[in-house]
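Note that this is a predicted model, so its numbers are computed, not measured.
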Amino acid sequence: MRRRSPVRRTIAVVVTAALAGAIALTVGTAPSAAAPGRQHHRGAGDAVEREDASQSKVPAPPRPARLVPTERVVTTGQTKARSSAPTAAKAAVTTNAATKTSSGTAAPGGNAATKTLVLYDNTGPYSWLGEDYGMMATNLVSHFGAWTAHPVGSYTAGELNGYTAVVYVGSTYDEPIPVAFLDDVLSTSKPVVWMYDNIWQLTARSADFATKYGYTWKGFDVSSVARVDYKGTTLTRDARNAGGIMDYAIYDTAKAVSVGTAVRADGTSFPWGVKSGNLTYLGEIPFSYITANDRYLAFSDLLFDALAPQTAARHRALVRIEDVGPDADPAELRAIADYLSSKKVPFTVAVYSRYRDPKGVNNNGKAEDYALRQKPLVVSALKYMQQKGGTLLMHGYTHQLDALNNPYDGVSANDFEFFRAHVDADDAVIYDGPVKNDSALNVTSRVTASRADWLLAGLKQPTIFEPPHYAASALDYRTINTLFGVRYDRGLYFPGVLSGGTVDNSVAHMVGQFFPYTVRDVYGSTVIPENIGNIEPEPFNQHPAVLPADLVANAKANLAVRDGVASFFYHPYLGTSYLKQTVEGIQGLGYTFVAASAMS
């Protein structure tokens, strides 16, 4: 039995050369895939299944046009055609392309009475980036309840009265902000979360902002900041982020409280964000350069203050056994199940039902192609895993694409199935975009074929789906939602999905996102989180080695989220030693392992 190197899912978002000079890319990861056999490939899926859609290369906003903005209200270009009443979502997600308004329902466990209005910028050359950020904010707030999202420019007077709270993502310097929105923010008692740009328009509209709120902004600080301290937890921030952080002057500490501390390279610091009354202001966009222990976690926790302030601390953990196909070693699967069962740890097993090696990469040049039913010992091991507390999910059909190198060698568990990718001259996995025959029919036919394999193998039909290497097009994700409704991954998101316009599937504008808790994303799917990565004993594709201590450290950082999870995946060919260190290290932090069903 060949031994497969773990594939990672790394969401590597590539920007065009024109943008590269203007925008700092995030250090996030996308889905990557681990290579099988005697090869030691890993790809976007696995690393990309480090399944790293988590650390997505989401661009930071451009460096501010002026470090000290002009305090003024910008009115040019505002639009007014919009209904002020929140839209009741009849489906998981509804979109009105004419008004660029989308609405969605709460994730499992959310409060149906909680409704969040998410506003984002959509003018200028980086309008796509504003929508990307809007999607990321929308995905997170779905954890708490229903949501409606649209560009801030179409806000109408009194609109926020129909919601529990409002989140504004200010990504465009001097975006025209409707006076109605500024006035409503200043007069409402409902929670408002404001990020980054255009705070100067809010203060310009107030005659006594500093007196009322106890602080005011000073100007953007573009020092190197690689750390944010939040509630006793040290979180990272990529120092290459050139977007800057707004600095503040706090006049009244009885009114204004820092919600985090940005620490410069020289050890000096300033507030990362400020909360005063119902207004929480973050001096940057926390969605760029995100990693498993990033200040993104602080923002994910701050949303509880606005949307579920009575939430008690709870820390749950998840483990998924990855890339199990007809070629798996039954003894390895049984050993994994025995260990996890002995620790009373429920787990999930990601299964692809058909193994393909069309070029004979692992069989001396002779092609191989077989399904689960042809490997009764593997099927028996899977049933044994179920008896020991395992839940099986569908991890694609073949976990590869035809006879293409996508990006490695066409072998199952190495390559992408629903997205194209290649390895460049610098040994980095580069996403290329949707497959050539991308369609709902393509996705449905592959799922149908896989379901037939499961049936013929005597396995119960799975109810959870995980795209190989976490990568798919917007159309694919929507189709998967109609077929399953639940995914267990990190997603790729594209401009046009939230606004209802033409979806931009270009890799230049897509973003990847991981979640520290369950969400219902903009495709309508419940997403069970995977957020701290996986073990990779050796470096690959410009990714460093990752050992149990690294995952435990990531889990420790995630304790900053008051009701968050620490979720990782593991390849069975690594044996049980690394698994034991990881599971028991996470348990030692106070986490309780639960089944995926507890999250969905």
Side-chain angles (χ1 to χ4, degrees), residues 50-51 54-55 107-110 140 143-144 227-236 259-261 286 290-305 307-321 336-348 388-391 488 490 514-519 527-535 546-570 576-600:
R50 247 180 212 209
E51 308 210 8
S54 74
Q55 302 177 19
L140 287 175
H143 175 72
F144 304 93
R227 182 179 121 205
V228 171
D229 293 340
Y230 177 76
K231 293 185 177 180
T233 299
T234 296
L235 302 172
T236 61
V259 296
T261 302
I290 61 175
T291 59
N293 55 3
D294 186 75
R295 86 290 192 213
Y296 167 76
L297 300 176
F299 176 73
S300 299
D301 181 68
L302 283 170
L303 288 174
F304 283 93
D305 292 337
L307 298 168
Q310 304 305 314
T311 301
R314 177 177 57 169
H315 301 291
R316 294 176 289 176
L318 299 169
V319 56
R320 187 180 70 227
I321 307 306
I336 293 288
D338 285 340
Y339 167 70
L340 292 174
S341 176
S342 74
K343 301 299 293 184
K344 294 181 171 54
V345 171
F347 57 97
T348 306
K388 293 291 185 175
T391 299
Y488 188 167
R490 308 175 178 195
F514 71 89
F515 307 107
Y517 33 62
T518 301
V519 305
V527 181
I528 300 169
E530 182 280 295
N531 62 324
I532 66 171
N534 68 293
I535 301 298
V546 179
L547 297 174
D550 299 305
L551 297 195
V552 174
N554 290 343
K556 184 176 182 179
N558 274 268
L559 290 172
V561 183
R562 69 197 70 178
D563 188 15
V565 303
S567 178
F568 73 100
F569 67 94
Y570 189 83
T576 58
S577 177
Y578 287 139
L579 181 61
K580 174 182 172 69
Q581 295 173 54
T582 306
V583 166
E584 294 173 21
I586 290 173
Q587 287 176 325
L589 294 173
Y591 284 92
T592 299
F593 277 89
V594 298
S597 59
M599 310 301 298
S600 63

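The line from NZ of Lys344 to NZ of Lys388 is 10.5 Å long, rounded to the nearest 0.5 Å. Taking CG from Leu318 and CD from Glu530, the interatomic distance works out to 9.5 Å, rounded to the nearest 0.5 Å. Atoms OG1 and CZ, from Thr233 and Arg295 in turn, are 15.5 Å apart once rounded to the nearest 0.5 Å. For the atom pair Ser567 OG and Phe515 CZ, the distance stands at 12.5 Å (nearest 0.5 Å). Rounding to the nearest 0.5 Å places CG of Asn534 at 7.0 Å from CG of Leu551.
Between Phe347 and Ile321 there is a side-chain heavy-atom pair separated by less than 4.5 Å. Proximity of Leu302 to Val259: side-chain heavy atoms (C-beta onward) are separated by under 4.5 Å at one or more points. Residues Met599 and Val594 have side chains in contact (heavy-atom distance under 4.5 Å, counting atoms from C-beta outward).
Of all non-hydrogen atoms in Pro548 and Thr582, the two that sit nearest each other are CB-OG1, 3.4 Å. When all heavy atoms are compared, the tightest approach of Ala292 to Asn558 is O-ND2, 3.1 Å. Across Ala596 and Thr348, no two heavy atoms sit closer than the pair CB-OG1, 3.5 Å. In plain terms, the two heavy atoms of Asp294 and Thr236 that are nearest each other are OD1-O, 3.0 Å. Between Thr518 and Ala107 the shortest heavy-atom distance is O-CB, 3.9 Å. Contact detail for Asn554 and Ile532: the closest heavy-atom pair is ND2-O, 3.1 Å.
For Lys231, the side chain to side chain contact (heavy atoms under 4.5 Å, CB included) criterion is met by Asp301, Arg562, not counting sequence neighbours. Not counting sequence neighbours, the partners of Leu589 by the side chain to side chain contact (heavy atoms under 4.5 Å, CB included) test are Val552, Ala555, Lys556, Leu559, Tyr591. In this structure Ser577 satisfies the side chain to side chain donor-acceptor pair (under 3.5 Å) test together with Gln581, sequence neighbours excluded. Applying the salt bridge (Lys or Arg N to Asp or Glu O under 4.0 Å) rule to Asp563 yields the partners Arg314; only residues at least two apart in sequence or on another chain are considered. In this structure Phe568 satisfies the ring pair (Phe, Tyr, Trp, His ring centres under 6.0 Å) test with no other residue, sequence neighbours excluded. For Pro346, the side chain to side chain contact (heavy atoms under 4.5 Å, CB included) criterion is met by Phe593, Ala595, not counting sequence neighbours. The side chain to side chain contact (heavy atoms under 4.5 Å, CB included) search around Ala557 returns Leu235, Asn293, Leu297, not counting sequence neighbours. Taking Glu584 as the reference, Tyr339, Lys580 meet the side chain to side chain donor-acceptor pair (under 3.5 Å) condition, with sequence neighbours excluded.
In this pair, Phe514 and Tyr296 present their aromatic rings perpendicular. The plane angle is above 60°, beyond the 30 to 60° band.
Within the 3.5 Å criterion, the main-chain N or O of Ala308 finds a donor-acceptor partner in the side chain of Thr311.
You'll find the ring centres of Phe304 and Tyr517 inside the 6.0 Å limit. Here Phe569 and Tyr488 keep their ring centres 6.0 angstrom or further from each other.
Residue pairs that meet the salt bridge (charged side-chain N to carboxylate O under 4.0 Å, His left out) test with at least one member in residues 588-600, sequence neighbours left out, do not exist here.
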(request) Go through Val561 and His315 one step at a time and tell me if the side-chain contact (heavy atoms from CB on, under 4.5 Å) criterion holds. (result) CA-CA 8 Å; Val561 183; His315 301 291; 6.0 Å; no

(request) Mind running side-chain contact (heavy atoms from CB on, under 4.5 Å) on Tyr570 and Ile336 for me, showing each step along the way? (result) CA-CA 10 Å; Tyr570 189 83; Ile336 293 288; 3.9 Å; yes

(message) Would Leu340 and Thr576 count as a side-chain contact (heavy atoms from CB on, under 4.5 Å) here? Give the steps.
(response) CA-CA 9 Å; Leu340 292 174; Thr576 58; over 6 Å; no

